Amino acid sequence: MSTHDIFAALRARTVAILAELLPELPADSFARVQMEPPRDASHGDMATNGAMVVAKLAKLPPPKLAAQLAERLSALPEVAEAAPAGPGFVNLRLEEGFLRAQVGAVLAAGEAFGDSTLGAGVKVDLEYVSANPTGPMHVGHCRGAVVGDALANLLAKAGYAVTKEYYINDAGAQVQALAWATYWRYLVALLASPAGAEVAGRGPLAGFAASARGREDFEAALGVTLQYGGDYLVPVAEALVARHGAALVPADGGTPTAETLALVQAFAVAEMMAAIREDLALLGVKQEVFVSELGLIKDGKLEQAEALLDAKGLIYTGVLEPPKGKLPDDWEPRPQQLFRASQFGDEVDRPMRKSDGSGTYFANDIANHLHKIERGFAELIHVWGADHAGYVKRMQAVVKALADGQVKLDVVLAQIVRVMRNGEPVRMSKRAGTFVTLRDLLEDLAEMTGSMAAARDAVRFTMLTRKADAQMDFDLDRAVEQSRENPAFYVQYAHARCRSVLRTAGEPADLASAPLEALTDPAELALIRRIAAWPRTVEAAALAREPHRIAFFLHDLAGDFHVLWNKGREDATLRFIRDDEPEATRARLALVAATATVIRSGLQVMGVEAVQEMR
RNA sequence: GGACCCGUAGCUCAGCUGGAUAGAGCGUUGCCCUCCGAAGGCAAAGGUCGAAGGUUCGAAUCCUUUCGGGUCCGCCA
């Protein structure tokens with residue numbers, strides 16, 4: 001899988017030996033054979049369950065097979081010692097020379113160390129953020145954005161061909177409400193401009209012009225209810241006035257035509273998306289593909305999907321059972337067009353059209369997924385907020401139905417983040433002037449750290465220090481604190497220390513070819529073992545779709561490095577740079593350079609910049 | 001009523017998709033730090049993995065039941 005993964009290499013050796021020992025077993029008998037670092041380091045460098053896994057099939061007692069396997073493994077040049085243990089494990093102690101060679105492998109490969117062919121170039125579509133284009137990015141979108149972006153990097157490193165996608169919900173009631181709100185702001189801006197004079201006397205507009213032109217005045221004048229009213233629409237409205245003047249006001253000064261509203265809507269959505277992209281850019285998130293819900297509808301994708309499902313006999317008109325427990329007040333049985341989701345593992349069939357015949361959001365989502373499948377993706381991944389958990393099964397059912405089980409849909413659920421300050425949750429209240437938008441959060445952190453880049457890195461790292469589906473508190477003070485308690489700092493500090501040593505040593509070249517025999521201290525070997533585990537960490541994290549594992553690995557790696565550094569403080573012979581020992585110095589500098597490389601490689605996955613020095 | 005997520009040390013959380021004596025950080029306790037690479041270091045204590053059954057060589061991990069916390073539940077996106 002990864003050419004750098006010594007665990008995969010030794011596993012392959014183990015499987016080959018087992019196949020030789022047990023020629024009568026079919027090849028797939030060895031699928032569950034593993035080669036892992038043992039939980040207890042005293043057991044050695046690696047352990048395999050190979051004997052236990054195949055013992056039953058081979059009708060042999062596991063310890064006996066383990067003994068045979070151990071004997072053969074101990075003959076390998078990489079292996080210093082192999083011994084059967086426990087219920088049938090084989091523990092391996094590796095030749096130190098083989099371990100040290102991993103340092104050279106890192107330096108030869110650079111940050112590509114750990115790249116894997118696991119994904120085999122499989123096309124994966126990763127959709128994340130997908131916030132409604134009705135306003136700027138909210139802090140609530142932050143975690144999904146970071147998790148999605150890091151997952152994209154992770155999958156790319158593991159050999160998948162990843163497309164980073166954003167689905168724009170630019171159809172439906174939400175954006176219609178946005179259009180109305182924009183139209184209100186437009187009228188306000190228009191009446192304040194010279195162009196406003198010519199229309200100020202028209203019909204209902206006259207009353208509005210004479211009023212304070214507030215939200216309620218607009219609602220009263222045109223008989224609509226506004227859902228939004230954000231100040232962020234003011235510049236959008238001014239741009240509308242600049243482009244269209246008074247042309248968007250109907251002759252009677254009343255309700256604008258559907259065409260006008262559609263125009264306003266499209267304009268507002270475009271502006272909102274531009275703002276959202278800017279917000280995402282602050283976080284270092286850049287998606288490549290933006291799919292428009294409205295575009296899909298216009299392309300007839302919904303009808304296509306419907307026809308496809310209908311041809312498979314998966315659509316029918318029916319009445320759903322009422323939900324159990326407390327009934328909604330206005331519940332009454334109504335026939336709707338339903339998709340047979342229950343045939344694909346969902347609890348009940350799901351409505352595609354409302355009782356009035358119009359499409360549900362679910363139906364548009366079906367169109368979206370058909371569009372993905374048509375583009376040839378073998379795997380679809382979503383990062384969703386945990387409040388969408390109930391939606392997972394039905395979408396998986398749809399994808400199964402549309403692609404006849406050939407395309408897989410995975411959903412990563414991101415739990416809510418509470419922003420904390422001084423141990424208290426920060427209320428997300430606009431009135432209180434606290435964080436509402438992602439930009440607010442980043443700008444506040446930038447003030448604390450001194451730069452937007454540092455704020456971005458602090459947010460990204462911290463967001464990845466928890467499993468996505470676990471709730472987390474984001475402690476503002478902790479996120480920028482320069483202490484061991486802050487994992488982001490702890491890892492950055494390790495990299496900065498590495499760079500500091502290499503700068504002091506004059507940035508030596510050709511470390512990849514340095515002789516490494518001088519690396520004998522247990523702390524040095526422990527660091528090398530950690531580095532050697534990087535490739536398998538990448539693969540395991542990618543398979544599990546869990547980018548947080550990278551953060552934990554880096555924390556452990558940084559810990560190993562700090563331990564070594566601290567030993568050098570107590571024992572001068574363990575310092576990296578020793579003028580009297582040029583050979584040892586080069587070996588240690590190679591190890592330091594390799595450590596820095598792996599840290600950078602991990603930070604790259606997380607989308608965090610590795611710093612050269614701490615300030 | 002049902003679905004999904006979570007429950008692991010005092011606290012915040014990992015636990016490599018079923019492996020050996022369950023780990024880390026914080027906190028606590030003890031020792032070290034006038035100078036040398038100290039925005040610290042070393043070490044110890046701390047657990048019936050929410051509970052009860054089951055599956056098998058083997059379970060924190062899988063299954064069933066149950067308790068607690070969260071999210072959600074037809075025509076909202």
Side-chain angles (χ1 to χ4, degrees), chain A residues 7 32 34 36-40 42-43 47-49 52-53 55-56 61-63 85-89 91 132 134 169 171-175 177 293 319-328 330-334 336-338 346-362 364-365 385-393 411 413 415-416 465-467 469-473 475 478 481-487 489-490 493 497 500-501 504 533 536-537 539-541 543-544 546 548-549 551-553 555-556 559 562-563 565-570 572 575-577 614:
Chain A
F7 291 88
R32 288 180 55 228
Q34 294 177 336
E36 300 184 303
R39 190 165 285 174
D40 188 336
S42 68
H43 290 141
T48 179
N49 62 354
M52 284 182 285
V53 169
K56 199 177 212 174
F89 288 99
N91 292 328
N132 281 345
T134 50
N169 290 125
Q174 298 290 329
V175 283
E293 181 180 11
V319 179
L320 284 173
E321 293 282 310
K324 302 270 165 51
K326 198 179 69 169
L327 270 186
D330 57 346
W331 194 91
E332 53 181 286
R334 286 175 190 153
Q336 291 175 273
Q337 188 188 85
L338 302 172
D346 201 1
E347 315 304 321
V348 294
D349 295 337
R350 302 292 181 177
M352 289 184 64
R353 290 189 181 275
K354 306 172 192 173
S355 49
D356 66 5
S358 61
T360 60
Y361 180 83
F362 176 55
N364 291 347
D365 248 353
D387 54 341
H388 285 61
Y391 213 69
V392 174
K393 277 188 184 173
V411 177
L413 294 174
Q415 275 283 359
I416 296 166
T465 55
R466 293 281 180 274
K467 243 181 337 198
D469 55 14
Q471 287 166 261
M472 83 176 285
D473 291 345
D475 189 318
R478 172 65 45 80
E481 187 177 87
Q482 304 219 331
S483 82
R484 175 160 201 184
E485 293 174 47
N486 177 5
F489 168 80
Y490 192 64
Y493 190 29
R497 274 182 159 173
S500 162
V501 170
T504 305
R536 68 190 303 277
T537 302
E539 291 188 349
L543 275 175
E546 290 184 344
H548 77 278
R549 292 193 195 186
F552 281 91
F553 174 86
H555 190 261
D556 290 342
H562 288 308
V563 163
W565 176 286
N566 287 322
K567 282 186 88 168
R569 218 161 39 197
E570 285 171 15
R575 294 198 174 194
F576 299 117
I577 302 171
M614 306 306 292

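Each chain gets a letter, A, B and so on, in the order the sequences are listed, and its residues count up from 1. As a basis for the values below, the full set of heavy atoms in this structure was taken, side chains included, without hydrogen atoms, waters or symmetry mates. Since the model is a prediction, treat every value here as computed from it, not as a measurement.
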Colleague: Under 4.0 Å between any heavy atoms, over every strand shown, what does A/Ala544 touch: base, sugar-phosphate, or nothing? Just pick one.
Modeller: base
Colleague: Angle class for the A/His548/A/Phe552 ring planes (parallel below 30°, perpendicular above 60°, tilted otherwise)?
Modeller: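 Judged by the thresholds at 30° and 60°, the geometry between A/His548 and A/Phe552 is perpendicular.
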Colleague: Taking it one step at a time, do A/Asn169 and A/Val175 satisfy side chain to side chain contact (heavy atoms under 4.5 Å, CB included)?
Modeller: CA-CA 8 Å; A/Asn169 290 125; A/Val175 283; 6.0 Å; no
Colleague: Under 4.0 Å, counting only non-hydrogen atoms across every strand here, what does A/Arg353 touch: a base, just sugar-phosphate, or nothing?
Modeller: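 Counting heavy atoms under 4.0 Å across all strands, no contact is made by A/Arg353.
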Colleague: When all nucleic acid strands are considered with a 4.0 Å heavy-atom cut-off, which category describes A/Tyr493: base, sugar-phosphate, or nothing?
Modeller: base
Colleague: Less than 4.0 angstrom from a charged side-chain N to a carboxylate O is my criterion; do A/Arg478 and A/Glu481 meet it?
Modeller: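 So A/Arg478 pairs with A/Glu481 through a salt bridge.
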Colleague: Would you classify A/Ala171 as touching base, sugar-phosphate or nothing, given that sugar-phosphate means primed atoms plus P, OP1 and OP2, and contacts are heavy atoms under 4.0 Å?
Modeller: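 Sugar-phosphate contact only - A/Ala171 comes under 4.0 Å of backbone atoms but never of a base.
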Colleague: Once you apply the 3.5 Å cut-off to both distances, tell me the Watson-Crick or G-U wobble partner of B/A44, or none.
Modeller: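 B/A44 is paired with B/U28.
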Colleague: Can you tell me which nucleotide in B/G74, B/G41, B/A77 comes closest to the side chain of A/Asn566?
Modeller: B/G41
Colleague: In Watson-Crick or G-U wobble terms, both distances under 3.5 Å, what is the partner of B/G18?
Modeller: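 Base-paired to nothing in any strand shown.
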Colleague: Of the nucleotides B/C16, B/A77, B/G40, which has the atom closest to the A/Gln174 side chain?
Modeller: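 Between B/C16, B/A77, B/G40, the one nearest the side chain of A/Gln174 would be B/A77.
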Colleague: Among B/A77, B/C57, B/A3, find the nucleotide with the atom closest to the side chain of A/Lys393.
Modeller: B/A3
Colleague: Reckon A/Pro487 touches a base, only the sugar-phosphate, or nothing at all at heavy-atom distances under 4.0 Å?
Modeller: nothing
Colleague: Taking atom P of B/C75 as reference, at what distance in whole Å does atom CG of A/Leu320 sit?
Modeller: 10 Å
Colleague: How many angstroms lie between atom CG of A/Leu543 and atom CZ of A/Arg536, to the nearest 0.5 angstrom?
Modeller: 11.5 Å
Colleague: So what's B/C49 paired with, Watson-Crick or G-U wobble, going by both distances under 3.5 Å?
Modeller: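 For B/C49, the partner nucleotide comes out as none, under the 3.5 Å rule.
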Colleague: With distance as the sole criterion, do the side chain of A/Arg536 and the base of B/C16 form a donor-acceptor contact below 3.5 Å?
Modeller: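 Yes.
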Colleague: In whole angstrom, what separates A/Asp387's CG from B/C76's P?
Modeller: 17 Å
Colleague: Could you state the atom-to-atom distance from CG of A/Leu413 to P of B/C5 in whole Å?
Modeller: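 So the CG-P distance, A/Leu413 to B/C5, works out to 8 Å.
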Colleague: For A/Pro62, which contact category applies under a 4.0 Å heavy-atom criterion: base, sugar-phosphate, or nothing?
Modeller: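 The answer is nothing, as A/Pro62 stays clear of every strand by at least 4.0 Å.
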Colleague: Can you tell me how far C1' of B/C76 sits from CD of A/Gln336, to the nearest Å?
Modeller: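 The answer, rounded to whole Å, is 13 Å.
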Colleague: Apply salt bridge (charged side-chain N to carboxylate O under 4.0 Å, His left out) to A/Glu36 and list each qualifying residue two or more places apart in sequence or on a separate chain.
Modeller: none
Colleague: Could A/Arg549 and A/Phe553 be counted as a cation-pi pair, given that NZ or CZ must be under 6.0 Å from the ring centre and within 45° of the axis?
Modeller: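 That pair does not qualify as a cation-pi contact.
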Colleague: B/G74 P sits how many Å from A/Tyr361 OH, rounded?
Modeller: 17 Å
Colleague: Just to be sure I understand the rule, does A/Tyr391 reach a base, reach only the sugar-phosphate, or reach nothing, if contact means heavy atoms closer than 4.0 Å?
Modeller: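 It contacts base atoms.
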Colleague: So does A/Arg575 get a side-chain nitrogen or oxygen closer than 4.0 Å to the phosphate oxygens (OP1/OP2) of B/G37?
Modeller: yes
Colleague: Return the nearest nucleotide to the side chain of A/Lys56; candidates are B/G40, B/C5, B/C57.
Modeller: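 Closest nucleotide among those given: B/C57.
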Colleague: Any protein N or O atoms within reach of nucleotides 9-14 of chain B? Criterion: under 3.5 Å, listing atom names and distances.
Modeller:
unit_1 : atom_1 : unit_2   : atom_2 : d
B/U12  : O2'    : A/Arg466 : NH2    : 2.5
B/C13  : OP1    : A/Gln471 : O      : 3.2
B/A14  : OP1    : A/Lys467 : N      : 2.9

Colleague: So how far is it from A/Lys354 NZ to A/Gln337 CD, rounded to the nearest 0.5 Å?
Modeller: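 One gets 13.5 Å once the value is rounded to the nearest 0.5 Å.
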Colleague: Give the rounded distance in Å between these two atoms: CZ of A/Phe553 and P of B/G15.
Modeller: 15 Å
Colleague: Any side-chain N or O of A/Lys354 below 4.0 angstrom from OP1/OP2 of B/G74?
Modeller: no
Colleague: In this structure, how many angstroms lie between the P atom of B/C75 and the CE atom of A/Met352, rounded?
Modeller: 14 Å
Colleague: Side chain of A/Gln482 only, heavy atoms from C-beta on: which candidate in B/A39, B/U17, B/A77 is closest?
Modeller: B/A39
Colleague: Rounded to the nearest 0.5 Å, what separates atom OH in A/Tyr391 from atom CG in A/Asp365?
Modeller: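 That separation rounds to 4.5 Å.
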Colleague: Distance alone, cut at 3.5 Å: any donor-acceptor contact between the side chains of A/Gln174 and A/Asn132?
Modeller: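 There is no such pair between these side chains.
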Colleague: Cationic tip of A/Arg350 within the cone over A/Phe362's six-membered ring, i.e. under 6.0 Å and within 45° of the normal?
Modeller: no
Colleague: Starting at OG1 of A/Thr48, measure out to CD of A/Gln34 and round the result to the nearest 0.5 Å.
Modeller: 8.0 Å
Colleague: For B/C4, which nucleotide is its Watson-Crick or G-U wobble mate, given both distances must be under 3.5 Å?
Modeller: B/G70
Colleague: Determine the contact category for A/Phe7: base if any of its heavy atoms lies under 4.0 Å from a base atom, sugar-phosphate if only primed atoms, P, OP1 or OP2 are that close, otherwise nothing.
Modeller: nothing
Colleague: Passes side chain to side chain contact (heavy atoms under 4.5 Å, CB included), A/Tyr493 versus A/His562? Steps please.
Modeller: CA-CA 9 Å; A/Tyr493 190 29; A/His562 288 308; 3.9 Å; yes
Colleague: Under 4.0 Å between any heavy atoms, over every strand shown, what does A/Ser355 touch: base, sugar-phosphate, or nothing? Just pick one.
Modeller: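 A/Ser355: base contact, heavy atoms under 4.0 Å.
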Colleague: In whole angstroms, how far is the P atom of B/A77 from the CG atom of A/Asn132?
Modeller: 10 Å
Colleague: Using a cut-off of under 3.5 Å, enumerate the N/O to N/O pairs linking the protein to nucleotides 18-29 of chain B.
Modeller:
unit_1 : atom_1 : unit_2  : atom_2 : d
B/A20  : OP1    : A/Arg39 : NH1    : 3.4
B/A20  : OP2    : A/Arg39 : NE     : 3.4
B/A20  : OP2    : A/Arg39 : NH1    : 3.1
B/A20  : N6     : A/Asn91 : OD1    : 2.5
B/A20  : N1     : A/Asn91 : OD1    : 3.0
B/A20  : N1     : A/Asn91 : ND2    : 3.1

Colleague: Applying a 3.5 Å limit to both distances, which nucleotide forms a Watson-Crick or G-U wobble pair with B/U56?
Modeller: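 Its partner: none found.
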